[in-house]
Amino acid sequence: MLLITGSQGQIGSDLVTALQNRYGVDQVLESGRRASDKNLYETLDVTNHQRFREIISAYKIDTIYHLAGILSAKGECYPERCWQVNIHGLKNVLELAKKYSLKVFWPSSIAVFGPHTPKQNTPQTTIEDPATMYGITKVTGELLCQYYAQRFGVDVRSVRFPGIISYQTLPGGGTTDFAVEMFYAALQQTHYTCFVRPDTRLPMMYMPDAIGAMLKLMSADAAALTVRSSYNLTAISFSAAELFAEIQKHVPTFTCDYCPDYRQAIADSWPSIIDDTQARQDWGWQPTYGLSAMVKDMLHQLAMRIEGSGFPVAGFDSAQPAKSLSIQISQ
Ligand code: SER
């Protein structure tokens, strides 16, 4: 049976469905800090080793997708908590993986890179000097993964995710969140004040590609995997202004201004375009969505979910009422 930590988060909520489709609804156990009335769900604080162990043993878990973590911007507000959750949570997972021979997926991030990392075509192995506590926990986490793989034979697999764009669940507390917020604003408010400069160019990825990457990496032949810290992974790189221009093609009334805050410095410390040759070679990684296809699909999917967006959606079944979402755009 599979366990997902942080299953109600941005990646978790999409991954649950993908894993249920692939392995069966009764094979996927969700967990998170918040209570839920879902059937296969356990409340779990990932820093609680004993509770973690009880769940793994009770459900005979053989694979963990360990997604629970605190992102970059929130991590700067709560650095101590960020270290606790990201490091002690992962350490618990790796210890339990060693004890119970579990297979593990854990997401690292472009946040492992810092001001001295080459910004263009960032190599797989390069300078990692993160400027955030989140980045520090990701570098440490990568080294822990590599150590547990080499020393104890733990089958842990990881990718350095860029900013993930999705419509199911909002990201929380990340620096790349502006890219998702811009879509909601385009359909709900017609204006967006972006918290990074228009020329801020970051690596991003549409959720279907992120899900595809996780499933593909986890089913790859272990012998083919040459990287046990974390694989560079890339899909699309665009600036905030380019994203706005692409959205505006579909929503001409949409306007945007820019008011950079503390997250600008975090964005400035990250690369613009990443070289993911190793992932392509080792396990056949290939993204599907470019900027225009991603924007088109995002607007279409979100318009179906946001009541009264007024956005014309081809093929939308009007007999099915759009779900009303309460969206909080953080500024
Ligand atoms: N999307 C993440 C963040 O912005 C990066 O991994 O924190």
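Whatever order the structure lists ligands and atoms in, that order sets their numbers, starting from 1. Note that the coordinates shown come from a computational prediction; the quantities given were computed from them, not determined experimentally.
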Can Arg263 and Asp268 be counted as an ion pair, charged N to O under 4.0 angstrom? no
Check: Phe183 and Tyr167 side chains under 4.5 Å, non-hydrogen atoms: no
Check: Ser158 and Tyr231 side chains under 4.5 Å, non-hydrogen atoms: no
Pairwise side-chain contact, Thr200 with Gln264, heavy-atom cut-off 4.5 Å (strictly under): yes
Compute both the distance and the angle, then confirm whether Arg157 meets the cation-pi test with Phe105: under 6.0 Å from the six-membered ring centre, within 45 degrees of the axis. no
Would you mind listing each N/O atom of ligand 1 next to any protein N/O under 3.5 Å, plus the distance?
unit_1	atom_1	unit_2	atom_2	d
ligand 1	1 (N)	Thr176	OG1	2.8
ligand 1	4 (O)	Ser72	OG	3.4
ligand 1	4 (O)	Thr175	N	2.6
ligand 1	4 (O)	Thr176	N	3.0
ligand 1	4 (O)	Thr176	OG1	3.3
ligand 1	6 (O)	Ser109	OG	2.6
ligand 1	6 (O)	Tyr134	OH	3.0
ligand 1	7 (O)	Ser72	N	3.1
ligand 1	7 (O)	Ser72	OG	2.6

Those residues at least two apart in sequence (or on a different chain) that pass salt bridge (charged side-chain N to carboxylate O under 4.0 Å, His left out) with Asp199 are Arg197
